[in-house]
J.: 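One structure is given below, represented as structure tokens, and several questions about it will come after.
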Amino acid sequence: MKRRTFLAGCALSSISLGAGLPLTNAKSKRPNILLIMADDMGYSDIGCYGGEIETPNLDRLADNGLRFTQFYNAARCCPTRASLLTGLYPHQADVGHMVYRDEGKGYHGKLNEQCVTLGEAMKNSGYQTLMAGKWHVGHSEDVWPSNRGFDKFYGIHLHVDSYFKVLKGCDVYENGRKVIKATDNPPNRLHPDQEWYTTNVFTDHALKFLDEAKQDKPFFMYAAYNSPHWPLEAPDKTIEKYRGKYMQGWEKLRRQKIERMKRLGIIKEDWQLSESDAPKWENLSEDDRKNLDFRRAIYAAQIDNMDQNIGRLIKKLEEKGELDNTLVLFLSDNGCSAEPERQMFGYRFKENRIENFRQWRKDSGRSSSQGMAWANVSNTPFRKYKKWTHEGGIATPLIAHWPEKIINGGRLNHTPGHVVDIMATAIDVGRGFYPKKFGGNKIKPMEGVSLKPVFEGREIKRDNPLFWEHEGNWAIREGKWKLVCDGPKGPAELYDLEKDRTELNNLIDKYPDKAKELAEKWHKWAKRANVLPWPYKPQWQADI
């Protein structure tokens with residue numbers, strides 16, 4: 001497969017900075033960039049955002065870095081990853097939905113030729129480009145990571161949906177070569193004495209890539225974990241660490257969480273906790289409570305294990321003397337999942353119980369999930385979940401750590417941001433190139449803005465609103481105002497996010513002109529960004 005190549009001499013965007021600067025000059029050494037993505041993790045799961053799960057390595061990055069409290073993803077895995085990788089809204093990159101079928105313009109199900117990936121942009125800016133983990137923005141060969149700018153890749157092109165084995169159709173690849181077919185017992189090539197567990201294995205290969213990296217060139221690494229996406233699968237020892245911790249129930253945990261978040265400054269004192277979507281804990285049977293505690297313990301163990309692996313990456317950077325000159329970014333691809341949708345306790349709750357855990361521990365796929373009730377805890381204090389464009393579906397923690405630029409660590413930043421900003425940020429901090437043409441194709445302009453000024457204590461200017469759409473759920477945010485719609489048939493809702501980020505006080509009847517103004521802007525964007533016409537014909541489309 002012929003790789004796409006940069007057209008030397010093509011016009012560059014105005015953000016191209018520092019062209020021609022020598023990489024070996026210590027005074028002008030460009031930073032490495034480590035981008036870490038979690039999968040289906042809630043806004044407030046980790047410790048430094050008020051969570052109860054032990055995440056000392058992420059907490060350390062936050063304590064010495066910067067936390068964004070109003071950063072956003074694109075509501076679901078494939079669209080978010082497409083947006084993150086390209087600096088465009090997902091429909092502009094042709095991943096407006098998922099990657100399993102072609103639904104037409106904006107929804108072709110794989111990255112198109114009118115975008116460049118972070119791998120392509122950073123490689124052609126003089127970076128080594130490395131990736132380990134879950135790709136999920138197209139699985140045909142022309143859009144494999146090895147053909148879209150990454151020098152080295154180890155991972156899975158499609159979904160993962162397993163931790164202990166490799167599922168059918170989700171083969172493992174290394175640098176464009178299939179290395180593991182579907183199997184219940186994948187070999188752990190780098191550590192044959194250890195059990196295969198995806199989070200550990202992806203980290204093992206990321207560390208290998210770092211060891212092999214050239215010393216005279218900066219690197220861009222994308223570590224894309226599948227944790228804590230269902231199924232619930234984690235090392236036994238880590239699960240035991242959390243068993244019994246959740247017997248107090250979800251109502252108490254949500255109240256404890258929001259109080260911690262207020263003390264940390266993550267949310268405002270006067271923001272109210274959204275109503276729980278779960279039944280009363282005390283009304284459940286003792287056996288169900290124990291099984292729900294067990295499921296949440298496995299979910300927590302998945303995040304705990306991911307944090308341990310992030311600690312391994314940080315330790316490697318320290319050993320190489322590169323941590324101070326590395327921008328580390330950590331975020332989640334969407335809010336916590338309520339899958340199976342509207343089912344309170346998760347996949348196969350009646351069948352897969354504590355007493356037969358040894359039988360389903362490695363079943364993978366849809367063998368288990370934590371369900372809607374616990375996902376409501378993960379997304380505290382917000383409403384809704386993955387796939388929705390209310391705050392519970394699109395809010396993500398974003399931690400930035402870069403000792404050479406981010407001083408007075410532990411700060412919070414309340415500036416709204418979006419995954420479209422990651423490309424602009426990487427280009428800016430890396431003094432790189434964003435092409436107007438690439439591989440003979442005209443490239444769409446970036447939609448985001450660089451976050452680098454925020455790292456340096458300055459403000460960023462955003463000229464346009466932020467936009468979302470997924471499966472008919474849509475939203476626009478401009479300043480403090482957010483207009484959001486719950487599904488293609490749902491009525492639009494208007495919120496003042498400065499006063500009410502938990503979206504409890506719908507102001508659409510009080511400010512109809514503002515709602516109309518935002519709806520018109522969203523509709524104009526939706527036409528420009530290939531959102532419309534929808535392949536699934538939502539009912540409200542004709543009413544805007």
Side-chain angles (χ1 to χ4, degrees), residues 1 3 36-40 77-78 81 85 98-100 109-111 117 119 129-213 221-236 238 302 305-306 308-310 312-313 316 333 360-368:
M1 172 62 65
R3 299 189 181 192
I36 306 171
M37 173 77 84
D39 194 345
D40 283 14
C77 47
C78 298
R81 289 160 202 271
L85 282 164
M98 300 295 282
V99 297
Y100 304 107
K110 66 177 184 178
L111 297 180
T117 69
T129 52
L130 318 169
M131 181 185 169
K134 174 181 173 179
W135 181 239
H136 217 196
V137 286
H139 48 279
S140 60
E141 188 174 353
D142 57 314
V143 292
W144 288 355
S146 52
N147 290 321
R148 293 303 299 252
F150 285 91
D151 297 321
K152 294 185 178 182
F153 169 77
Y154 185 92
I156 296 174
H157 296 145
L158 205 54
H159 57 268
V160 180
D161 297 1
S162 179
Y163 291 81
F164 291 113
K165 57 189 181 184
V166 176
L167 300 181
K168 183 178 180 181
C170 303
D171 305 319
V172 179
Y173 283 79
E174 183 169 15
N175 302 330
R177 182 173 62 92
K178 186 186 296 185
V179 292
I180 303 177
K181 298 179 182 178
T183 176
D184 288 351
N185 298 291
N188 190 336
R189 181 165 58 85
L190 296 183
H191 298 284
D193 58 320
Q194 297 178 14
E195 184 176 43
W196 170 283
Y197 187 76
T198 55
T199 314
N200 299 340
V201 171
F202 292 158
T203 305
D204 292 340
H205 285 269
L207 295 172
K208 178 176 179 287
F209 293 160
L210 290 177
D211 281 334
E212 295 169 348
M221 171 171 278
Y222 177 33
Y225 292 113
N226 60 302
S227 177
H229 190 290
W230 48 263
L232 300 172
E233 296 179 343
D236 292 343
T238 314
Q302 291 175 153
N305 175 270
M306 178 175 62
Q308 293 174 42
N309 278 280
I310 291 169
R312 295 171 65 202
L313 293 173
K316 176 63 69 175
D333 67 348
W360 58 271
R361 177 176 179 266
K362 295 184 179 182
D363 278 356
S364 297
R366 288 173 170 79
S367 63
S368 58

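Because only heavy atoms are used, hydrogens play no part in the values below, and waters and symmetry mates are left out as well, while side chains stay in.
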J.: So K316 and D211, side-chain contact (heavy atoms from CB on, under 4.5 Å) or not? Walk me through it.
T.: CA-CA 9 Å; K316 176 63 69 175; D211 281 334; 2.9 Å; yes

J.: Do the side chains of D142 and K110 get nearer than 4.5 Å, heavy atoms only?
T.: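 The answer is yes; the side chains approach within 4.5 Å.
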
J.: Looking only at side-chain N and O atoms, does Y225 offer a donor or acceptor that is under 3.5 Å from a partner on T198?
T.: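 No, no side-chain donor-acceptor contact under 3.5 Å.
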
J.: Could you go through the side-chain contact (heavy atoms from CB on, under 4.5 Å) check for Q302 and Y197 one step at a time?
T.: CA-CA 11 Å; Q302 291 175 153; Y197 187 76; 3.9 Å; yes

J.: Between the side chains of N305 and N309, is a donor N or O closer than 3.5 angstrom to an acceptor N or O?
T.: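 Side chains of N305 and N309: pair found under 3.5 Å.
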
J.: Checking the side chain of S368 only, and the main-chain atoms of P231 only, is there a donor and an acceptor separated by less than 3.5 Å?
T.: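 The answer is no, because no donor-acceptor pair under 3.5 Å joins these two groups.
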
J.: Flag the pair R312 and D204 as a salt bridge only when some basic side-chain nitrogen lies within less than 4.0 angstrom of an acidic carboxylate oxygen.
T.: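 Looking at D204 together with R312, the answer is yes, because their closest N to O distance falls below 4.0 Å.
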
J.: If I compare all heavy atoms of A206 with all of L313, which pair ends up nearest, and what's the gap?
T.: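 For A206 and L313, the tightest heavy-atom pair comes out as CB-CD2, 3.9 Å.
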
J.: Please give me the minimum heavy-atom distance between W144 and S140, naming the atom from each residue.
T.: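 Of all heavy-atom pairs spanning W144 and S140, the closest is CD1-O, 3.2 Å.
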
J.: Less than 4.5 Å apart, side chain to side chain, heavy atoms only: is that true for W196 and T183?
T.: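 W196 does not reach T183 side chain to side chain.
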
J.: Under 3.5 Å, side chain of N147 to main-chain N/O of E141, donor-acceptor pair present?
T.: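 Checking the backbone N and O of E141 against the side chain of N147, a donor-acceptor pair under 3.5 Å is found.
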
J.: Taking the side chain as every heavy atom from C-beta outward, state whether R81 and D39 have any pair of such atoms under 4.5 Å apart.
T.: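 Contact flag for R81/D39 side chains = yes.
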
J.: Find the distance between OH (Y154) and OG1 (T203) and round it off to the nearest 0.5 Å.
T.: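 Answer rounded to 0.5 Å: 12.0 Å.
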
J.: Does some side-chain heavy atom of F202 sit less than 4.5 Å from a side-chain heavy atom of N226?
T.: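 A side-chain contact under 4.5 Å exists here.
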
J.: Consider only side-chain N and O atoms of H139 and Y173, and report whether a donor and an acceptor are under 3.5 Å apart.
T.: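 Judged by distance alone, the side chains do not pair up.
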
J.: Among E174, E212, H205, which residue meets the side-chain hydrogen bond (donor to acceptor under 3.5 Å, both in side chains) test with K152?
T.: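 That would be E212; it is the only one of E174, E212, H205 passing the side-chain hydrogen bond (donor to acceptor under 3.5 Å, both in side chains) with K152.
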
J.: Working to the nearest 0.5 Å, report the span between NE2 of H191 and CG of N200.
T.: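 Between atom NE2 of H191 and atom CG of N200 there are 9.0 Å.
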
J.: Closest approach of W135 and F150, non-hydrogen atoms and distance?
T.: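 Smallest interatomic distance, heavy atoms only, reads CZ3-CE1, 3.8 Å.
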
J.: To the nearest 0.5 Å, what is the distance between CE (M221) and CG (L210)?
T.: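 M221 atom CE to L210 atom CG measures 4.0 Å (nearest 0.5 Å).
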
J.: Can you tell me how far apart NE2 (H159) and CD1 (I156) are? Round to the nearest 0.5 Å.
T.: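 So the gap between those two atoms works out to 8.5 Å.
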
J.: Give the minimum heavy-atom separation between V99 and C78, together with the two atoms involved.
T.: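 That would be CG1-SG, 3.9 Å.
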
J.: Applying the side-chain contact (heavy atoms from CB on, under 4.5 Å) criterion to S162, which one of S364, P186, S367 satisfies it?
T.: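 Output: one option passes, namely S364.
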
J.: For S227 and M306, which heavy atoms make the closest approach, and how far apart are they?
T.: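 Taking every non-hydrogen atom into account, O-SD, 3.7 Å.
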
J.: If you measure from NZ on K165 to CD on E233, what distance do you get to the nearest 0.5 Å?
T.: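 The distance works out to 7.5 Å.
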
J.: Considering all heavy atoms of both residues, which atom of T117 and which atom of R148 are nearest to each other, and what is their separation?
T.: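 For T117 and R148, the tightest heavy-atom pair comes out as OG1-O, 2.5 Å.
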
J.: Heavy atoms, side chains only, cut-off 4.5 Å: are K208 and L190 in contact?
T.: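 With C-beta onward as the side chain, the pair touches.
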
J.: Would you call M98 and C77 a side-chain contact if the rule is heavy atoms closer than 4.5 Å?
T.: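 Result yes, sub-4.5 Å side-chain heavy-atom pair found.
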
J.: Kindly say whether D40 contributes a backbone atom to a donor-acceptor pair with the side chain of W230 at under 3.5 angstrom?
T.: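 A pair under 3.5 Å: no.
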
J.: Could you tell me the separation between the CD atom of E195 and the NZ atom of K362, rounded to the nearest 0.5 Å?
T.: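 The distance works out to 4.0 Å.
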
J.: Using a 4.5 Å cut-off on heavy atoms from C-beta on, say whether the side chain of I180 contacts that of P187.
T.: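 A side-chain contact under 4.5 Å exists here.
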
